[in-house]
There are 2 protein chains.
Amino acid sequence: MAKDTLSIQSSKRDTAQRQLLLGLLREAEGHLDADELYQQARHKQPSLSLSTVYRSLKLFKELGLVEEHQFDGTRRHYETKPETRHHHLVCLGCGRITEFKCPTTERLKARIGREKGFEVTEAEVYLTGYCPDCRQRLLEGRADAERKQEIVERR
Amino acid sequence: MAKDTLSIQSSKRDTAQRQLLLGLLREAEGHLDADELYQQARHKQPSLSLSTVYRSLKLFKELGLVEEHQFDGTRRHYETKPETRHHHLVCLGCGRITEFKCPTTERLKARIGREKGFEVTEAEVYLTGYCPDCRQRLLEGRADAERKQEIVERR
DNA sequence: ATTTCTGCAAAGGATTTGCAAATTC
DNA sequence: GAATTTGCAAATCCTTTGCAGAAAT
């Protein structure tokens, strides 16, 4: 990671841990949670601790380098700040996350801000449903309790 | 609560605790979290336990009587199923939640479902920003660290 | 009488924090 | 050398769960 990436706020230091973590987040195709990131990072630096992961994620968030998402009620997921704004569609069957764009959201921010007197800083659209595969399974009647359990556990 | 409210699924029993909790949720103007609901309910029935609150909320959710929201990363909030679909705008300063309508969201569900091959079941739009009061405080320069802390703690 | 619910206390899981040692600037 | 960061372990916070007794059908 370029040193300047972390020095937006003066006193942030460029450590091996932060380099590693930010690098992994950038390479990651999907959205990682803290523990997934931790496991990946341990391969490269086994001494790294989970607290450091959490502390780094907090820092990256504050520096605007990553975004935090709450797809389910349990853990939070992270992705590096995307170039183009997008939103998320989560499959209730398998947990797969699909991204999509929604240009009208910008207009919505402006409109609601005006109507409610808020300064709107962020707008997120969050869709849930069933992905093509899970729909197929449902149709085939294989999505009974057991089958579905399998899928959910695989998340 | 009318008995039939709970008997959508055969085996659900009509207990004093469930009546009380659902009643409070219906009266509540805003969105309660589990502990707020618990505290309110204890006034009327001091022996009630927090586990019962959680178990009841889970049931109400399954019966489609209440909706669960995740406004921040910490706790979940609940509201009785609203007549008209609406979304939420959360103030980052004071936590105040403002509701708004967005009819175009239905169209979005259909469009994304078609484009991605998903069966989209739900769509939520979630905005964050600063409410009129907090904007005012920011302008007055009173929203410095201390002041902001005050507000956040009052949530 | 049978099944479902409750309260209690304990367990769980994700995230945060205090502190001394290690690292960066 | 001074200030920041790390790893570890313990602590927190919200939520869930096991179980025996209480309540509903």
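By convention in this document, chain letters (A, B, ...) are assigned in the order of the sequence lines, proteins followed by strands, and residues within each chain are numbered from 1. Scope of the values below: all heavy atoms of this structure, side chains included, with no hydrogens, waters or symmetry mates.
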Distance-only polar pair, side chains of B/Tyr126 and A/Glu124, donor-acceptor under 3.5 Å: no
Donor-acceptor pair, side chain of B/Glu36 and main chain of B/Asp33, under 3.5 angstrom: yes
Joint hydrophobic cluster, A/Tyr130 plus A/Leu89, side-chain heavy atoms closer than 4.5 Å: no
No-hydrogen, no-angle side-chain donor-acceptor test under 3.5 Å, A/Glu79 and A/His69: yes
Between P of C/dT6 and CG of B/Leu48, the distance in whole Å: 8 Å
B/Gln17 vs D/dA23: side-chain N/O to OP1/OP2 distance below 4.0 Å: no
Of all pairs that satisfy salt bridge (charged side-chain N to carboxylate O under 4.0 Å, His left out), the ones with a partner from residues 93-102 of chain A, not counting sequence neighbours: A/Arg96-A/Asp133
Salt bridge B/Arg76-B/Glu67, side-chain N to carboxylate O under 4.0 Å: no
Gap between atoms CD and P, on A/Glu36 and C/dT15 respectively (whole Å): 11 Å
Gap between atoms CD and C1', on A/Glu68 and C/dT16 respectively (whole Å): 13 Å
Exercise: do A/Glu68 and A/Tyr78 side chains pair donor with acceptor under 3.5 Å: yes
Backbone of A/Thr52 reached by a side-chain donor or acceptor of A/Ser56 within 3.5 Å: yes
Rounded interatomic separation in angstrom, taking CG from B/Asp14 and P from D/dT25: 6 Å
Interatomic distance, B/Gln19 CD vs C/dT4 P [rounded to whole Å]: 20 Å
B/Leu59 CG to C/dT4 P, straight-line distance once rounded to whole Å: 13 Å
Where protein sits on nucleotides 17-23 of chain C, one letter per nucleotide: B base, S sugar-phosphate only, - none, heavy atoms under 4.0 Å: BB-----
Helix axis bend for the helix from C/dA1-D/dT25 to C/dC25-D/dG1 - C1'-based end axes, five pairs, 10° rounding: 30°
Separation of atom CD in A/Gln70 from atom P in D/dT15, rounded to whole Å: 11 Å
5′-ward residue of the pair B/Gln45/B/Gly73 relative to DNA chain C: B/Gln45
A/Glu140 bridged to A/Arg135 by N-O distance under 4.0 Å: no
A/Arg76 CZ to C/dT16 C1', straight-line distance once rounded to whole Å: 10 Å
Short side-chain N/O contact from A/Arg75 to OP1 or OP2 of C/dT15, under 4.0 Å: no
5' precedence on DNA chain D between A/Thr52 and B/Leu50 (nearest-nucleotide basis): A/Thr52
